[in-house]
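These notes concern the structure reproduced below.
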Amino acid sequence: MCGIIGVAIDVNNNCSEFKAAEIITKGLKSLEYRGYDSVGIALIDKNTRKIIVKKGKGKLDDVSKEYSFLLTPGCIGIGHTRWATHGAPTNINAHPHTDCKGDIALVHNGIIKNFLSLKKMLLNSGHTFKSDTDTEVVAHLIEELASTSSNFYEGFKKSISMLEGSFALAVVTTYEPEKIFFAKKESPLIIGLSKSSNFLASDIPAMLEYTNEFVPLNDGDIGWLSPREVFIENLKAGIVEIRKRKILVDWKPEMAKKGGYPHYMIKEIYEQPLALKSTFEGLISDETIIEAADLISKKDKIFIAAAGTSYHAGLVTKYFIEKITGRAVYTFISSEYKNIEYLVDNDTAIIVISQSGETIDTIKAMRSSKNRGGVIFAITNVIGSTIGREADYVVPMRAGPEIGVAATKTFLTQVLVGSMLAVNLGKSIGKINETEYNQMINTLSYSPNIVGSSISMTEGIMKKLPERFSSKNSIYFLGRGLGVPLAYEAALKMKEITYIHAEAYPAGESKHGPIALIEKDFPVFFVVTKDTYEEIASNIAEMNARDAYTIALASEEKLENLQPRLTITVPKVDLLLEPYSLIPPIQLLSYYTAVVRGLDPDKPRNLAKTVTVE
Ligand code: F6R
């Protein structure tokens, strides 16, 4: 994973001594969600023209303080926040990495698969290595090839063509101290354009404070940027016309800041009504979803590919498509695409769901399906992402930037796009008439209000509840029908930020094994949806009989015959709106449990927001 950033500021224009260091450090803060086990920067000192590297193990705030990142002089520089793949998180393995002489420094996101054979070759040529990383090999390879090429860029290009694997690379060098060289394959990299400075970063929010003009790089792109120029060529397609690739992003910098909340996660939970409003308004403002539904309805097979929380949104989408249209949908976990790809042909529609648009497993599932003739419909929050660019049709989520590692507002906005797609498919296929269609769309327009009411109704109890079981080792989440994917999402949220073992099952399945774990006061949550009320009442009774601590999340109309030990009442809504009433309390529960356990919900251990490795 990892986050990288680079900035080149014109020396004669607004480049105070420590300006670049400040931009890089700030940018790294917003990229920390991508990895945070070590961090580093490299700047070209404008007076000595030498490279200054500062780096260390730990989170940005601590390392930056220890090494005084903000007092590093220079107008051209790069930075990196790491999620270790090759080599433990140590001071030496932290990026940037340098060549033998310290004339080249680079940061890398991705994995160089052939680094061992390259290292062997470079060791034979006399290079000395300091770290255990795959990345350092690239610095020495460039050193080797630049020394025998007509200029640095030629050597850089030759080096890139020898790399196997995935990479977003940013390189500074004393040979051309005015430039940052870059290359991209599989890992995300975006150029930010401004008047007297140019940027590059793994993600847009890192540059939002300075520009809203971006050029997303494609695989095979390579080039350089200086304060006033950007040059990009594609190794296969030749020189890139920047004007044609440029995109304008209407996100505001404050959207990517905490705004007074203690954590991004709680801010993003509260932002859900606004995010859903923007999703809904976006969806009805143009014909994209109608056209997508028309095309999907003509295909024989409908598949959905996604990972993690997005997979759960895919299961909810499947539920509504099947319920409304009567057509079967197969939702699969992206990393399992090899077991499914042979089913894809040119009569298949594949809906790929990815908040970041950069999840490598989902990219691979998408590319494999496309190669087999499938038509790709992407639901993504980042239009300029790899998935956004490579899909045949893109439906934007419009959730705004999500910084907390745990997906919250992006889950419900994905669910809203999926539900709107289901309703439009129902109409295209002729399963619902105009009146029913209008009623359903009108129902979905209330999703922002339902989230708001659900938060207000459950926030109080969700703040207190964690005290009761924050010391438990395990929790079950059970549901039926639509409640099953919501229970899956609940268990994922719980385990990823509280580290409590949490599992979800269809409630009926609990009798076939999981119930063996139940003992006195074992917490069992029931996510009670409209369609499952009667059967779930018996599952609650079965757990009560074994002394479990049963908790039902249900609307008032459902309460009468349920006999859980605790009931959490959510707004009473139509089936289409149940995700918006049932999910917020679960998000709040995970958040407050993490806080009670003294954990940082924004940066769960071992996780990163965008998973660009297989
Ligand atoms: C969980 C979470 C992850 C992501 C998954 C897919 O809270 O955020 O499970 O949902 O890594 O990411 P995207 O949607 O970017 O493809």
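Residue numbers run from 1 in the order of the sequence given. Both ligands and their constituent atoms are indexed starting at 1 by order of listing.
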Could you tell me which atoms of ligand 1, counted from 1 in the order shown, lie closer than 4.0 angstrom to a heavy atom of [X]?
X      : value
Lys493 : 1 (C), 7 (O)
Glu496 : 1 (C), 7 (O)
Ser354 : 13 (P), 14 (O), 15 (O), 16 (O)
Ala406 : 7 (O)

Fill in: Stacked cation flag Arg597 on Tyr499, 6.0 angstrom / 45 deg
no
Practice prompt. Any pair with a residue in residues 375-403 that passes ring pair (Phe, Tyr, Trp, His ring centres under 6.0 Å), sequence neighbours left out, goes on the list, sorted by first then second residue, please.
Written response: Phe377-Tyr393
Worksheet entry | Closest candidate by heavy atom, reference atom 12 (O) of ligand 1, pool Ile353, Thr359, Thr410, Leu492 | Thr359
Fill in: Member of Tyr505, Phe526, Phe525 meeting the ring-ring contact (aromatic ring centres under 6.0 Å, His included) criterion with Tyr476
Tyr505
Fill in: Proximity of Phe199 and Tyr210 rings by center, below 6.0 Å
yes
Discussion item. Aromatic contact between Phe411 and His312, with the criterion being ring centroids under 6.0 Å apart: yes or no?
Written reply: no
Fill in: Residue pair Thr410 / Glu402, side-chain donor-acceptor N/O under 3.5 Å
yes
Item to complete: Kindly write out the residues that satisfy side chain to side chain contact (heavy atoms under 4.5 Å, CB included) with Ser38, not counting sequence neighbours, or none if the list is empty.
Response: Arg82, Ala94
Practice prompt. Please determine if Arg372 and Glu341 form a salt bridge, counting it only when a charged side-chain N lies under 4.0 Å from a carboxylate O.
Written response: yes
Give the residue, atom name and distance (to 0.1 Å) of the protein heavy atom nearest [atom].
atom                    : answer
atom 6 (C) of ligand 1  : Ala307 O, 3.3 Å
atom 10 (O) of ligand 1 : Thr309 N, 3.1 Å
atom 15 (O) of ligand 1 : Ser356 OG, 2.6 Å
atom 11 (O) of ligand 1 : Val611 CG2, 4.0 Å
atom 14 (O) of ligand 1 : Ser310 OG, 2.5 Å

Discussion item. In this structure, does ligand 1 have an atom that sits under 4.0 Å from one of the heavy atoms of Val405?
Written reply: yes
